[in-house]
Amino acid sequence: MNFLQPFEKIGELALDKLAFAGRMGIFLAMSIKNLFLPPYKLWPVINQINFIGSKSVFVIMFTGAFTGMVLALQGYYALRQFGSEGALGSAVGLSLIRELGPVLTALMVTGRAGSAICAEIGIMRNSEQLDALECMAIDPFKFLIVPKFIGALICLPLLTSFFDFMGVYGGYVIAVKLLGVNEGAYFQGMFKSVIWDDINMGIIKSFCFAVIIIWVCAGRGYFLHFEKEGFGAEGVSRVTTKAVVMSSVAILVWDYLITSMLI
Amino acid sequence: MNFLQPFEKIGELALDKLAFAGRMGIFLAMSIKNLFLPPYKLWPVINQINFIGSKSVFVIMFTGAFTGMVLALQGYYALRQFGSEGALGSAVGLSLIRELGPVLTALMVTGRAGSAICAEIGIMRNSEQLDALECMAIDPFKFLIVPKFIGALICLPLLTSFFDFMGVYGGYVIAVKLLGVNEGAYFQGMFKSVIWDDINMGIIKSFCFAVIIIWVCAGRGYFLHFEKEGFGAEGVSRVTTKAVVMSSVAILVWDYLITSMLI
Amino acid sequence: MSEKENIVIEMKGVNKSFGKQRVLIDANLSILAGKVTVIVGASGQGKSVALKHMLGLIKADSGEVLIYGNDIKKMNKAELYHARMNFGALFQGAALFDSITVFENVALPLRERTKLSEKQIREKVLEKIDMVELEGSEDKYPAQLSGGMRKRVGLARALVLDPQILFLDEPTTGLDVKMSKEIYRLIYSLHNKFNFTSVIVSHDVPKIFKLADYVALMANSTVQGLMTQEDFQLSPNPVVKDFIEEIMGKIYNSGV
Amino acid sequence: MSEKENIVIEMKGVNKSFGKQRVLIDANLSILAGKVTVIVGASGQGKSVALKHMLGLIKADSGEVLIYGNDIKKMNKAELYHARMNFGALFQGAALFDSITVFENVALPLRERTKLSEKQIREKVLEKIDMVELEGSEDKYPAQLSGGMRKRVGLARALVLDPQILFLDEPTTGLDVKMSKEIYRLIYSLHNKFNFTSVIVSHDVPKIFKLADYVALMANSTVQGLMTQEDFQLSPNPVVKDFIEEIMGKIYNSGV
Amino acid sequence: MQKFNVEAAVGIFLIAGFLSFAYIAIKMGDIGFIGGDNYPIQAVFTNVSGLKPGAQVEMAGVAVGKVDEIKINPDTYQAVVKMMVKKGIKIQDDSIASVKTAGIIGDKYIKISPGASDVILEQNSVIRDTESALDLEELVSKYIFEKK
Amino acid sequence: MQKFNVEAAVGIFLIAGFLSFAYIAIKMGDIGFIGGDNYPIQAVFTNVSGLKPGAQVEMAGVAVGKVDEIKINPDTYQAVVKMMVKKGIKIQDDSIASVKTAGIIGDKYIKISPGASDVILEQNSVIRDTESALDLEELVSKYIFEKK
Amino acid sequence: MQKFNVEAAVGIFLIAGFLSFAYIAIKMGDIGFIGGDNYPIQAVFTNVSGLKPGAQVEMAGVAVGKVDEIKINPDTYQAVVKMMVKKGIKIQDDSIASVKTAGIIGDKYIKISPGASDVILEQNSVIRDTESALDLEELVSKYIFEKK
Amino acid sequence: MQKFNVEAAVGIFLIAGFLSFAYIAIKMGDIGFIGGDNYPIQAVFTNVSGLKPGAQVEMAGVAVGKVDEIKINPDTYQAVVKMMVKKGIKIQDDSIASVKTAGIIGDKYIKISPGASDVILEQNSVIRDTESALDLEELVSKYIFEKK
Amino acid sequence: MQKFNVEAAVGIFLIAGFLSFAYIAIKMGDIGFIGGDNYPIQAVFTNVSGLKPGAQVEMAGVAVGKVDEIKINPDTYQAVVKMMVKKGIKIQDDSIASVKTAGIIGDKYIKISPGASDVILEQNSVIRDTESALDLEELVSKYIFEKK
Amino acid sequence: MQKFNVEAAVGIFLIAGFLSFAYIAIKMGDIGFIGGDNYPIQAVFTNVSGLKPGAQVEMAGVAVGKVDEIKINPDTYQAVVKMMVKKGIKIQDDSIASVKTAGIIGDKYIKISPGASDVILEQNSVIRDTESALDLEELVSKYIFEKK
Ligand SMILES: Nc1ncnc2c1ncn2[C@@H]1O[C@H](COP(=O)(O)OP(=O)(O)OP(=O)(O)O)[C@@H](O)[C@H]1O
Ligand SMILES: Nc1ncnc2c1ncn2[C@@H]1O[C@H](COP(=O)(O)OP(=O)(O)OP(=O)(O)O)[C@@H](O)[C@H]1O
Ligand SMILES: [Mg+2]
Ligand SMILES: [Mg+2]
C-alpha cells in the first residue's frame with residue numbers, strides 16, 4: 001500500500017483544488033443569481049461605489065499619471081531613433097487604452113479594495129457574522145456580495161477612464177512640455193490611431209476584471225473556514241494575501257485571453 | 001479664533017503627515033544602521049529569502065510568462081502594420097528588461113510578500129510581541145527588519161530575472177510558435193538591441209524597489225500603533241491595504257525617476 | 001408522551017466530523033416548547049456545534065435535525081429562512097457587524113426582514129437597547145465597546161424580532177458578576193412574559209441551573225442525558241457525576 | 001529610610017497622555033528589592049501602562065522612571081538593553097512569537113542574549129517548560145495552544161534568563177482555578193528560592209493578596225498608596241476602601 | 001452628515017468618471033461625430049485598398065467628414081464608399097474624390113478636390129469623378145520595366 | 001460526501017470550461033469568421049514570400065475573404081494558397097490573383113482583379129492567372145545594374 | 001495653546017505657499033502661452049493635409065509659435081490656418097508660409113521664410129504668400145508617368 | 001478505505017494524463033522540430049550580413065526550414081550556412097540559395113529557387129549556386145557615383 | 001513634544017530631499033555632462049529645423065559636445081546655436097558646422113568638419129562657415145520639377 | 001526536516017535565479033564576450049558617424065568581433081576605432097575596414113573585407129585601408145544638384 005501513497009497525496013491535493021474551484025464556481029453562480037433577484041436596494045451599492053470607486057480615485061490618478069509619464073519617456077527615446085516622435089501620442093494612447101489602463105487599474109483596485117473586501121468578509125466569517133446573518137434569515141449574497149459586484153462593475157470602467165485620462169495627460173506633460181514633442185502630433189496622432197474598438201476592448205477588460213476581483217477576493221474571504229490556516233488575524237491576512245495574488249494573476253491571464261480574442 | 005480653525009485642521013493634517021514621514025525616515029535610517037552592525041546571522045536571512053523569494057517564484061514566473069505573451073501579441077499587431085515584425089523581439093525584450101520586469105515583479109512581490117510582512121509586523125505590534133522583544137533586550141530592527149531588507153535585496157533582482165526570462169519565452173511562444181515570427185529575428189533582434197545599460201537599469205530598479213517594499217510595508221506595520229484605526233484584525237488589514245497601495249505608488253513614482261535619470 | 005407534541009427542535013442521532021475529528025457522535029436532543037434548556041460541558045466538547053446544527057448553519061453528516069417536525073436538510077432556502085424568522089440567536093463572539101453602529105446592528109433584522117416604518121423601528125430598537133442597559137451607546141461602533149457590552153448588544157439584536165425560540169451561546173461569559181445576574185434576571189422575566197423557548201449554552205455552572213428547566217451535558221462528543229436540573233445534579237450517569245463533582249467541587253457536594 | 005537603598009525601580013511624578021486621554025497623572029511608585037508588589041485596579045486604569053513605563057517601553061511625558069537610580073530616559077540604547085538583561089516580563093496577551101514553536105519561543109532570549117551551547121539551552125528551556133507543566137507541548141506552535149497554555153509559555157519565557165526582576169501582567173487571567181493556584185505556588189516557591197523582585201498586575205483580587213508584600217491600587221489615573229496588603233485592606237483612603245468593598249463584597253467585609 | 005458625504009463623494013466620482021470616459025470616447029473613439037450634423041454622400045472607386053471605415057474625408061487638407069461604410073458591388077466588382085460629410089460643407093457635382101495616403105506609410109484617406117460647377121450635391125448622391133488608390137508597388141515595377 | 005461530489009463536479013466543469021475557452025481564444029482569435037458563409041478557392045503562385053495564413057483577400061480594395069492555408073507543392077516547387085471567400089462574392093474564371101503589399105512596408109495580401117468572363121468559379125476550383133509577390137530588392141538591383 | 005499656534009501657523013504657511021506657487025506657475029509657466037505673450041496671425045493654403053492644431057510654427061528651424069486652429073473656407077474651398085506667434089517675433093509682410101514635413105515620415109509643421117520687406121505684419125493679418133503641403137504620392141506618380 | 005481509493009485513483013489518473021500529454025507534445029509538437037524530421041544542408045556565401053541563426057529558409061515563399069548555424073571559414077573568408085530543411089522537401093543540386101530581405105526593412109532569410117536538375121541533394125551536401133546579401137548602401141552609392 | 005519635533009524635522013528633511021532629487025532627475029537626466037570640462041562655442045545657421053537642445057556635436061563621427069541652446073535672432077531671422085564642446089577638442093577657425101541627420105530618419109546633430117587653419121577658436125567665439133539642415137522634401141520636388 | 005526543506009528551497013531558488021540572471025546578462029548584455037579569446041586591432045576612419053561601442057565587426061556577414069572603443073584623435077581630427085576580434089580570425093594586412101549600415105535604417109557596423117595578402121595583422125596593429133560611413137544625405141543632395 002505504501003507505493004500508493006504519493007499518488008494518494010497528489011490525488012488529495014487535486015481533489016482539494018477541485019473542491020476549491022467548485023466552491024468558487026458555486027459562489028459565482030449564487031452571486032449572479034442573486035444579482036437578478038429582488039429586492040434591489042440602492043444604498044448598499046452607493047456605499048460600495050464609494051468604497052471601491054471614490055476612495056481609489058487618487059491612487060488611480062496618481063498611478064495613471066506616472067504610467068503615462070514613463071510610457072512617454074521610454075517611447076520618446078525608442079521612437080526618436082526612427083525620427084518618429086510624432087507617433088509617440090499614438091503609442092502612449094494605444095498602450096494605455098488597450099493594456100495598461102485596464103490592467104494596472106485592476107491591479108491597483110485589487111490591492112486597495114480587493115484586499116479590503118477579502119479581509120472584511122474573512123473577518124465576518126471568522127467572527128460568525130456571516131452565521132449571524134443567516135440566522136436572521138438575511139441572505140449574505142444579496143446583502144453583502146451583490147452590492148460589491150454591482151459597485152465594482154460600475155467603478156472599474158470609470159476608474160479605468162480616470163487612469164487613461166491621467167495617463168494621457170501625464171504623457172503629455174513629459175512629451176510636450178519636457179521633451180518638446182509637437183503638441184498637435186501628440187494629441188491628434190493619439191486621437192486618430194485609437195479607434196472605438198480599442199476603447200471597447202478596454203471597457204470589456206475592465207468589466208471582466210471587476211468580476212474577477214470581487215469573485216476571487218470575496219470568494220476567498222467567504223470560504224475562509226475551508227482554508228487550513230484560516231483562523232485569527234494571521235489567518236485572515238494570509239488568505240487576503242493569497243486572494244490578492246490569485247486575483248492579480250487571474251487578471252493577467254484574462255488580459256491575455258481577451259487581447260487574443262479581440263485584437 | 002474660529003476663522004483659524006480650517007488652517008488649524010490643515011496644519012494638523014500636515015504635521016501628522018510630516019511626523020509620519022519623519023517616523024518612516026527614522027525607520028529607514030535605523031534599518032540601514034543595523035544592517036551594518038554585528039552580529040550577522042545567516043539563518044534569518046535564509047528564511048526571508050525563502051519567504052520573499054522561493055515562495056514567489058511561481059507567481060512571478062506565471063505573471064512573467066503572461067506579460068511576455070501579451071506584449072508579443074500587442075506588439076505583433078502594432079509592428080505588422082510597418083512590416084517590421086522583426087523588431088518584435090527587440091520591443092518585447094526592451095519593455096521587459098527596462099520596465100515591466102522590475103515594475104511588475106515589484107508589484108507582485110508587494111502583493112504577496114509585502115502585504116504579508118506588513119501584516120506580520122503589525123500583528124506583532126498589536127499583540128505586544130515587539131514590546132516583548134524589547135524587553136528581552138533584542139533589537140527588533142536587527143532581529144526582524146534587517147533580514148527582510150537583505151532578503152528582499154537578494155530576491156528582487158533574481159525574481160526580476162525570472163520574470164524577464166519567462167517573459168522572453170512567453171513572448172517567444174506567442175510570437176514564433178503561434179504567430180509565425182522569424183525565430184532568429186525574435187531572439188537575435190532582442191539580444192542585439194538590449195544592451196548592458198538596459199539590464200543595469202533593471203537591476204538598479206529592482207534594488208530600489210526592494211528597499212521601497214520592505215521600507216513601506218515593514219514600516220507601516222511597525223508604526224501600527226500610531227495609526228488611528230490600527231486595532232484588531234480589521235486595523236491590521238486596513239493598514240496592510242494602505243501599505244500595499246503606498247508601496248505600489250512609490251514603486252511607480254521611483255520607476256519614473258530612475259528611468260528619467262538613467263535613460 | 002404528551003411531551004412529544006411539545007418538541008420544537010429535535011436532534012436525532014446526529015453525527016458530525018470536521019476532517020478526521022468526530023465532534024458529534026450519535027447526539028440526541030429534544031427542546032421542549034416554553035422551557036429553558038441549558039447545555040453545559042467542558043470547552044471544545046461541541047456545544048456550539050450542536051447549537052449551530054439546530055440553527056441549520058451546519059448540516060449533519062448523518063442523522064436528522066427536525067424543526068417543528070420538519071427535517072432541516074430537506075428544506076429549501078425559503079423554507080429555512082421562514083423557520084428562522086422565529087429564531088433569535090446570540091453567538092459566542094457576539095458577531096456584531098463592525099461597520100455599522102450599535103443602533104443599526106439591532107435594527108438590521110427589522111430593516112431587512114420586516115416592513116416597519118422608521119419610527120416603529122426606532123421605538124423597538126431603543127426598547128431592546130434599554131432592556132440590556134445600553135442607553136446612550138446607540139451611536140457607538142462595536143469596536144468602541146467592551147466585550148461585555150458587545151454581548152449585550154448581541155442579546156438585544158437576538159430579541160428584537162420577538163422570537164419564539166432563543167438560542168444563547170454563553171450569554172454571560174466576559175461579564176462581571178453584577179451584570180451577569182442582570183442578564184439572568186432579564187432572561188427569566190422575558191421568559192415569564194412571552195413564554196418562549198430557549199436554549200442556553202453556558203459555563204457558569206451552578207448559577208445557570210437556577211434558570212434551567214432542563215440540563216444537557218455535552219461530553220465524549222455526545223449529549224449525555226437531558227433532564228431537569230435536580231435530576232441532573234443527582235444523576236447516576238458516571239459522566240454527569242464526574243462533571244458535577246469536578247466543576248462544583250466539594251462545597252456543593254456537601255451542600256446536597 | 002533604609003528602604004530607600006533597596007528601591008530597585010522608582011516612578012516619580014510620572015505623567016502620560018495618549019492623545020487627549022490622560023492615563024497617568026503624577027504617578028509615584030517604588031518597587032523594593034526582593035519583595036512582591038501587586039498592582040490592582042479596575043480595567044483601563046493604566047496598570048499595564050505603568051508596567052510598560054517601568055520596562056522602558058513607554059517614555060513618560062514628564063516625571064522620571066529610575067532603574068537602580070538611573071533615569072531611564074537618559075540611558076542610551078546599550079545601557080537600556082543592559083538593564084533589561086535583568087528583567088523578565090510576561091505580557092497581558094502573552095506575546096508569543098507566532099511563527100516559531102513553544103520551545104523556540106522559550107529559547108529565544110537564550111539564543112539571542114547568551115552564548116550558551118545548544119545542549120545547555122535545551123536543558124534550561126526544558127526545565128522551565130516542566131515548571132509550568134507544559135511537558136510534551138514543546139513542538140507545538142502558539143496558535144495550537146489554548147489561552148491558558150499561552151500564558152504559561154510566556155511565564156516560562158520570562159523566567160528562562162533567571163531574571164532579578166519579574167514583571168507579570170495578569171499571569172492567571174484565563175486560567176482555571178486549579179491552574180492559577182499552581183502558578184501562584186510556582187511564583188511563591190521561585191521567590192523563596194531566588195529571592196528576586198516581582199511586580200504583578202492582577203485582577204484576581206482576594207487571592208493575589210496572599211502572595212503580595214505590597215499592594216498598590218491604580219485608580220483615578222494614578223497610584224493610590226503603596227502599602228502592605230494588611231494595611232491595604234484596612235486603608236482609610238476612600239478610594240482604596242471603595243475598591244475593597246466593591247470587589248470583595250460583604251462576604252469579605254464580614255470576615256474582617 | 002456622513003450619509004451626505006458618501007452621497008456627495010459618489011456623485012462627484014460618478015460625474016467625473018463619466019466625464020473622463022466621455023472625453024476618451026469622444027476624443028479618441030469618435031463617438032461624437034455620429035450625429036445629426038452630417039449628411040451622407042457616396043463615391044464609387046475601382047480600388048480602395050487600405051481605406052478603412054472611420055478614415056478621414058478631407059478638403060484642402062482639412063477634415064470635413066468620415067468614411068462610414070465600404071462595400072463591394074458584387075456585380076461591377078467596384079468599391080462603394082459611403083461618407084458622412086459635415087453639414088456646412090457643400091460638395092460640387094464635379095468634385096473629384098481620390099483615395100490618398102497620409103505621408104508615405106500613413107493611413108489612407110479620401111481627398112475631395114473642389115470642382116468648378118455651381119451645382120451642389122444632395123444627400124446620398126454619388127460623386128462621379130473618382131481616383132482610386134495609387135498602387136505604389138505597381139508604379140515602381142512599371143517604372144523599372146519600362147526603362148529597360 | 002454528497003457535498004464533496006457537487007463541489008468537485010462543479011470544479012471539473014469550471015476548469016474544463018476555462019481550458020476550452022482559453023484554447024479557443026488562443027487558437028482562433030477571430031471567432032466570427034469561422035462559419036458556413038465562406039467557400040474555399042485555390043490559387044497557385046511561384047512566390048508568396050511574406051504571405052501568412054489569415055492574410056486578407058481583397059477585391060477592389062475591399063476585404064472579401066481570408067487566406068486559409070499555404071502549402072508548398074514539393075514537386076512543382078510552387079506555393080498553393082487556399083482562400084476562404086465570402087459566399088456572396090462571385091469570382092470569374094479569368095480573375096487574376098496577385099500577392100500585394102499594403103503600403104510599401106505593410107502586410108502582404110491577395111488581390112483578386114475581376115476578369116471579363118461570365119463563368120463563375122466553383123468551390124475549391126483554382127484561379128489560373130496569378131501574379132507572384134514582387135521582389136523589390138531584385139527590381140532595384142536590376143534597375144541599377146541595367147543602367148550601367 | 002502653544003500647540004494650536006504651531007498647527008495654525010503650519011496651515012497658513014502651507015496655504016500661502018500653495019497659493020504663491022500657483023500664482024507663479026500660472027504667470028510664468030506654459031499656461032501663460034495661451035495668454036498675452038502671443039499674437040495671432042493667419043495664412044490661407046490650398047492644401048494643409050496632415051497639419052494638425054498644435055503643430056509648430058518655425059522660422060529658421062526654431063519654434064516661434066503654434067498652429068491654433070485650422071478651418072476650411074466653405075466658399076473658396078481653401079484652408080485657413082490661424083497661428084499664435086511669440087510676441088518678440090516680427091513677421092514681414094512678404095514672408096512665405098509653407099507646410100513642411102519634419103524628416104520624411106515626420107509631422108507637418110509650418111515654416112515661415114523671412115521676406116525682405118520692412119513692413120511688419122500686425123495681429124490677425126494674413127500672410128499672403130503660402131506654399132501648400134507637398135503631395136509626395138502625386139509627385140512620384142507624375143514623375144513616373146511623365147517619364148514614359 | 002473508500003476515500004483512499006478515490007484519492008489514489010485521482011492521483012494515478014492525473015499523473016498518467018500528464019505523462020501521456022507530455023508524450024504527445026514531445027512527439028508531435030514543435031519540440032520535434034529539432035529531431036529527425038529535418039535534414040541538414042549547407043551553402044557557402046560571400047556575404048550573409050544580417051542573416052541570423054533561426055532565420056527562415058523559403059521555397060516559393062513558403063517556409064521549408066530554418067538556418068541552424070552560421071560560421072565563417074577562416075581561410076576562405078566565406079560564410080558557411082547550415083540549414084535544417086523539412087524531410088519532404090527535395091532540393092535539386094542546381095537550386096540557387098540567395099540571402100534576401102523580407103520587405104525593405106525586414107529580416108533576412110534564405111530563398112531557395114528551384115533548379116531544373118533531377119538530382120536531389122543529400123544530407124549535409126552543399127548548394128553550389130548562391131547569391132549573397134544585397135548591399136543596398138553600396139548599390140546606391142555606386143549608382144550615384146557612376147552617374148557622375 | 002520633543003519627539004514630535006524630531007519626527008517633523010526628519011519628515012521635512014525627507015520630503016525636501018525627495019523633492020529636490022525628483023527635480024534633478026526630471027530636469028537634468030544626464031547629470032554627468034553638466035560640469036566644468038566643456039567650453040561654449042556658437043554657430044549661426046539659416047535653418048536648423050529638427051535640431052534640439054541636447055543634440056550631439058560630432059567630429060569625425062565621434063561625439064565631442066552637446067547643443068546647449070537654440071535661439072532665433074529676431075532681426076536677421078537666423079538661428080543661433082550655442083554648443084558645449086569638450087575641453088580637449090580644438091576647433092579651427094575655418095571649421096564648418098553643418099546640421100545633419102543620423103541615418104535618413106534619425107535625430108539631427110551638428111557635424112563639425114575640420115578646417116586647415118592653425119587658429120583655434122576661443123570660448124564663445126562663432127564658427128563662421130555653416131551648412132544648414134537639408135530640406136529633403138524641397139530637394140525631391142525640385143528634382144522632379146526640373147526634370148520636366 | 002523542515003529546516004532542510006527551507007534550505008533546499010532557498011538553494012534551488014538562488015541557483016535558478018542566478019542562472020536566469022546569467023542567461024539574460026550573457027545573452028543580452030554581452031557580458032560573456034569580454035574575455036581572453038579576443039585580440040585587439042585598430043582602424044582609423046575619417047567619419048564613423050553612428051558607430052557605437054559594442055557594434056559588431058563582421059567578415060562575410062558573420063560576426064567576428066565587437067567595437068571596443070571609439071576615440072577622436074584631436075590632432076588629425078580622425079576617429080580611432082579599437083576592435084576586439086575573435087582569436088581564430090586572421091586579418092590580412094590589406095583587409096579593408098568599412099563602416100556600414102545594417103539595412104537602411106539599422107545600426108552601423110564595421111565590415112572587414114578580406115584582402116589578398118599573406119601577412120596577418122598582429123595584436124593592436126592598425127588596418128590601413130578604411131572606408132568611412134556613407135553620408136546618404138550628402139549623396140542624395142550631390143546627386144540632385146549634379147543633375148541640374
Ligand atoms: N468549522 C470548524 N472546523 C473544524 N473544526 C471545528 C469547527 N467548528 C468547531 N470545530 C471543532 O469542534 C470542536 C467543538 O467545538 P465547539 O465550538 O462546539 O466547542 P464548545 O463546546 O462550544 O467549546 P467552548 O466552550 O470553548 O465554546 C472543537 O474541537 C473545534 O476544534
Ligand atoms: N498605545 C496606546 N495608545 C492609546 N491609548 C492607550 C494605549 N495604551 C493604553 N491606552 C489607554 O490607556 C488606558 C489604560 O490602559 P491599560 O492597558 O494600562 O489598562 P489596564 O489597567 O491594564 O486595564 P486591563 O486590566 O484591562 O488590562 C486605556 O484607557 C487605554 O485606552
Ligand atoms: Mg462554544
Ligand atoms: Mg492591562
Side-chain angles (χ1 to χ4, degrees), chain B residues 12 15-16 19 26 29-30 33-34 37-44 46-48 50-52 55 113 116-117 119-144 146-148 151 221-222 224-233 236, chain D residues 18-19 48-49 51-59 72 75 77-100 104-115 142-143 147 150 153-155 157-161 163 165-170:
Chain B
E12 204 178 321
L15 284 179
D16 240 45
I26 294 169
M30 292 293 292
K33 187 182 133 202
N34 276 284
L37 285 182
Y40 311 106
K41 294 210 173 180
L42 184 63
W43 189 247
I46 290 180
N47 260 322
Q48 291 302 322
N50 183 45
F51 180 69
I52 301 172
K55 293 194 173 171
I117 285 171
E120 181 198 340
I121 295 187
I123 289 169
M124 290 186 91
R125 167 66 69 195
N126 249 0
S127 61
E128 296 174 311
Q129 293 177 43
L130 290 178
D131 286 344
L133 272 184
E134 283 271 0
C135 279
M136 294 179 216
I138 301 172
D139 191 322
F141 282 95
K142 189 79 213 169
F143 183 73
L144 280 179
V146 165
K148 289 186 207 304
Y222 191 83
L224 184 77
H225 52 306
F226 285 103
E227 311 265 348
K228 265 172 212 128
E229 315 150 313
F231 296 99
V236 172
Chain D
F18 290 110
S48 302
V49 170
L51 210 62
K52 283 187 182 172
H53 271 92
M54 295 188 244
L55 286 165
L57 292 172
I58 299 183
K59 299 253 185 303
I72 219 166
M75 290 182 181
K77 208 169 179 180
E79 286 166 350
L80 188 61
Y81 275 15
H82 185 77
R84 281 187 189 151
M85 295 281 285
N86 302 321
F87 289 2
L90 166 65
F91 284 82
Q92 198 167 352
L96 302 187
F97 302 112
D98 296 324
S99 52
I100 53 180
E104 290 298 325
N105 256 292
V106 180
L108 188 70
L110 295 175
R111 282 198 208 290
E112 295 285 326
R113 304 302 311 174
T114 69
K115 291 197 175 358
R150 294 166 62 90
V153 176
L155 188 58
R157 192 177 64 184
L159 293 172
V160 79
L161 274 180
I165 316 176
L166 201 57
F167 298 86
L168 304 177
D169 199 347
E170 310 198 359

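Excluded from the calculations below are hydrogen atoms, water molecules and symmetry mates; all remaining heavy atoms, backbone and side chain alike, are included. Chain A is the first sequence line, chain B the second, and so forth, proteins listed ahead of strands; every chain is numbered from 1.
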key: Which atom of Tyr81(D) lies closest to which atom of Pro140(B), heavy atoms considered   =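 Closest approach of Tyr81(D) to Pro140(B): OH-CD, 3.8 Å.
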Rounded distance [0.5 Å steps], [atom1] in [X] versus [atom2] in [Y]:
| X | Y | atom1 | atom2 | result |
| --- | --- | --- | --- | --- |
| Leu96(D) | Glu128(B) | CG | CD | 11.5 Å |
| Met124(B) | Asp98(D) | CE | CG | 7.5 Å |
| Asp131(B) | Asp169(D) | CG | CG | 11.0 Å |
| Lys77(D) | Phe141(B) | NZ | CZ | 6.5 Å |

request  = Could you look at Ile58(D) and say if it's the side chain, the backbone, both or neither that has a heavy atom under 4.5 Å from chain B?
outcome  =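 No part of Ile58(D) comes within 4.5 Å of chain B.
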Are side-chain heavy atoms of [X] and [Y] found at a separation under 4.5 Å?
| X | Y | answer |
| --- | --- | --- |
| Ile138(B) | Leu108(D) | yes |
| Phe167(D) | Cys135(B) | no |
| Met136(B) | Phe87(D) | no |

request  = Decide if atom NZ of Lys115(D) counts as having more than 12 heavy atoms of other residues, nucleotides or ligands within a radius under 6.0 Å.
outcome  =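 No, the 6.0 Å shell around NZ holds no more than 12 heavy atoms from other groups.
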key: Crowding at NZ, Lys59(D) (>12 non-hydrogen neighbours, <6.0 Å)   =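 Yes, because the 6.0 Å sphere around NZ of Lys59(D) holds more than 12 heavy atoms from other groups.
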ask   = Is there a donor-acceptor pair under 3.5 Å between the side chain of Gln129(B) and the backbone N or O of Ala95(D)?
value =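 It does not hold such a pair.
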query = Between His82(D), Arg157(D), Met85(D), which has the largest tally of heavy atom pairs under 4.5 Å with chain B?
reply =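 Sorted descending by pairs with chain B, the first entry is Arg157(D).
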inquiry  = Less than 4.0 angstrom from a charged side-chain N to a carboxylate O is my criterion; do Lys41(B) and Glu112(D) meet it?
reply    =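 A salt bridge is present here (some side-chain N lies under 4.0 Å from a carboxylate O).
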query = What residue, out of Leu130(B), Leu133(B), Asp139(B), has the most heavy-atom pairs lying under 4.5 Å from chain D?
reply =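 Among Leu130(B), Leu133(B), Asp139(B), the one with the most close pairs to chain D is Asp139(B).
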